[in-house]
There are 2 protein chains.
Amino acid sequence: MKVFKIPEATVMRLSVYSRHLTQLIGEGVVNVSSGEIAKGVGVSSAQVRKDLAYFGEFGTRGVGYNVQELYSHIMRILGLNNCWNVMIVGAGKLGSALAIYKGFADRGFKVRALLDTDPDKIGTKLAEDLVVEPITVLEERVKDENISIGIVTVPGDTAQEVTDKLVEAGVGALLNFSPRVLRVPESVILRNVDLSVNLELLSFYLSYGTAR
Amino acid sequence: MKVFKIPEATVMRLSVYSRHLTQLIGEGVVNVSSGEIAKGVGVSSAQVRKDLAYFGEFGTRGVGYNVQELYSHIMRILGLNNCWNVMIVGAGKLGSALAIYKGFADRGFKVRALLDTDPDKIGTKLAEDLVVEPITVLEERVKDENISIGIVTVPGDTAQEVTDKLVEAGVGALLNFSPRVLRVPESVILRNVDLSVNLELLSFYLSYGTAR
DNA sequence: AAGTGTGAAGTCTTTCACAGCT
DNA sequence: AGCTGTGAAAGACTTCACACTT
């Protein structure tokens, strides 16, 4: 399969489309047009078609898309046709919240381990099969549980250190919630979810708007 | 002040630059070049200069930027030279975690209220001056506390309802953590932080990578 | 000599508009 | 008649490269 460079924005929209389709499936809708999807998720219909066109022809001209079929295609494209094992490092409020976040489990992301350095947190039971463990078991757990995704929820000053350990242990992708720019090898996929940046964007647009 | 359309990416990078500058200030650095900032945050030096150029000329040719001065400029640009009052609706694990997230307070975002419908959660004390309140006080609290930013951390099925209430009450901007596409009037600023979308992006790139 | 500020070029992304199926 | 799939056009963003200032 020759894959052209896919815009990141396209992949993110696919994820959104797929969730909209879940909803349509729940409502028993069988067919849907690009225009209807577009309306449902707030983009243009041409955008929807272009996004899908990167991966093939999933619709029928004059008719639209079969909801169930399109959903399956997108889930496969996103690599969500089977589970991913996840490790979270940092069992603070945020890490703990993410560890039991239902939205992840629903989409096939299984949090297999939650680590921290704080002795007070170690041993805390968050769910039937999830107990906070010391960070010393990181490498062992990554290997035993076949972890491919690491989530970093430690404070900024230890984020790079934790990242290095995760990379060293062989994790292939990282989701960084710390407010630091992390350095990883080319081969490791990194995404930042900077919560403050998002609020600051609102701040900017609020300021700009009121200054008018 | 005639403001051209500023790319969203530029605003997000400014936020990142400002945090990098905080670090430099801590280290006692007085001057910094666009190249050094670029290296520190992982973008090109031309990008840094271009981003700043949208807002004025802050540097000295041949020398660079005064760290403290540039920091102040960026903070003002971002509207962070004074506080923003924030309300969080949804006191689940995520909402509660965000409510006491230090990263927000550090940057001038004050969480003045945390609401929920669940009687079991109402009354829970999260901090000295933060107790979970019933959602019925939403409008009153928005007005009394002069709330301009709402954070939505309720499950998807009530997200639109909560959003409507926040908009009705007069909130100017929303940060949506629910996995739903929200409808808001043109005048209200909306940003989505879809946690699953970010993981699914990793899933996609992992799948694509391993399929090679 | 060093490093900013910026038009111009290049690249990437979205929208347009219509041929081609059903 | 309706809606997809897609080249071509438009638009947005990034990088280049260099004149200009200290």
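Proteins come first, then strands; the chains are lettered A, B, ... in the order of their sequence lines, and each starts at number 1. Predicted model only: the values in this text are computed from it and were never measured.
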Next item on the list: Find out whether R107(A) and S18(A) are in side-chain contact, i.e. whether some heavy atom of one side chain is under 4.5 Å from a heavy atom of the other.
Entry: yes
Next item on the list: Go through the structure and list residues passing side-chain hydrogen bond (donor to acceptor under 3.5 Å, both in side chains) with T153(B), not counting sequence neighbours.
Entry: none
Next item on the list: Determine yes or no for a side-chain-to-main-chain donor-acceptor pair under 3.5 angstrom, with N66(A) supplying the side chain and L70(A) the backbone.
Entry: no
Item checked: Close approaches to DNA chain C from residues 43-50 of chain B, in residue order (heavy atom, under 4.0 Å) -> R49(B), K50(B)
Item checked: Donor + acceptor pair across side chains of R183(B), T163(B) (<3.5 Å) -> no
Next item on the list: Apply side-chain hydrogen bond (donor to acceptor under 3.5 Å, both in side chains) to R141(B) and list each qualifying residue two or more places apart in sequence or on a separate chain.
Entry: E133(B), E145(B)
Margin query: Among residues 61-78 of chain B, which ones have heavy-atom contacts with DNA chain C below 4.0 Å?
Written below: R61(B), G62(B), V63(B), G64(B), Y65(B)
Item checked: Salt-bridge criterion met for E8(B) and R191(B) (N-O under 4.0 Å) -> yes
Item checked: With N81(A) via side-chain hydrogen bond (donor to acceptor under 3.5 Å, both in side chains) - residues at least two apart -> none
Checklist line | Intra- and interstrand pairs of DNA chain D - dot-bracket, Watson-Crick/G-U under 3.5 Å, | marks other strand | finding: ||||||||||||||||||||||
Notebook entry, point to check: With distance as the sole test, does N31(B) use its side chain to make a donor-acceptor pair with the main-chain N or O of Y65(B) at under 3.5 Å?
Noted result: yes
Next item on the list: Verify ring-ring contact (aromatic ring centres under 6.0 Å, His included) between Y101(A) and F104(A), making sure each step is shown before the conclusion.
Entry: CA-CA 6 Å; Y101(A) 180 53; F104(A) 289 166; 4.9 Å; yes
Check: Considering the options V162(A), L166(A), V137(A), V154(A), which one meets the side chain to side chain contact (heavy atoms under 4.5 Å, CB included) requirement together with L115(A)?
Finding: V137(A)
Item checked: Residues from residues 9-33 of chain B lying under 4.0 Å of DNA chain D - heavy atoms -> R13(B)
Checklist line | Qualifying salt bridge (Lys or Arg N to Asp or Glu O under 4.0 Å) pairs with a residue from residues 15-25 of chain B, counting only residues at least two apart or across chains | finding: D194(A)-R19(B)
Check: Can you tell me how far the CG atom of L21(B) sits from the CD atom of Q23(B), to the nearest 0.5 Å?
Finding: 10.0 Å
Next item on the list: Taking salt bridge (Lys or Arg N to Asp or Glu O under 4.0 Å) as the test, write out the residues that go with E57(B), two or more places apart.
Entry: none
Checklist line | salt bridge (Lys or Arg N to Asp or Glu O under 4.0 Å): pairs with one or both residues in residues 160-177 of chain A, sequence neighbours excluded | finding: E161(A)-K165(A)
Next item on the list: Specify the separation, in whole Å, of atom OH of Y54(A) and atom C1' of dT4(D).
Entry: 17 Å
Check: Taking only residues two or more places apart in sequence or in another chain, which ones pass salt bridge (Lys or Arg N to Asp or Glu O under 4.0 Å) with E139(A)?
Finding: K143(A)
Next item on the list: Give me the first and last nucleotide of DNA chain C, going 5' to 3', that has any atom under 4.0 Å from a heavy atom of chain A.
Entry: dT13(C) to dT22(C)
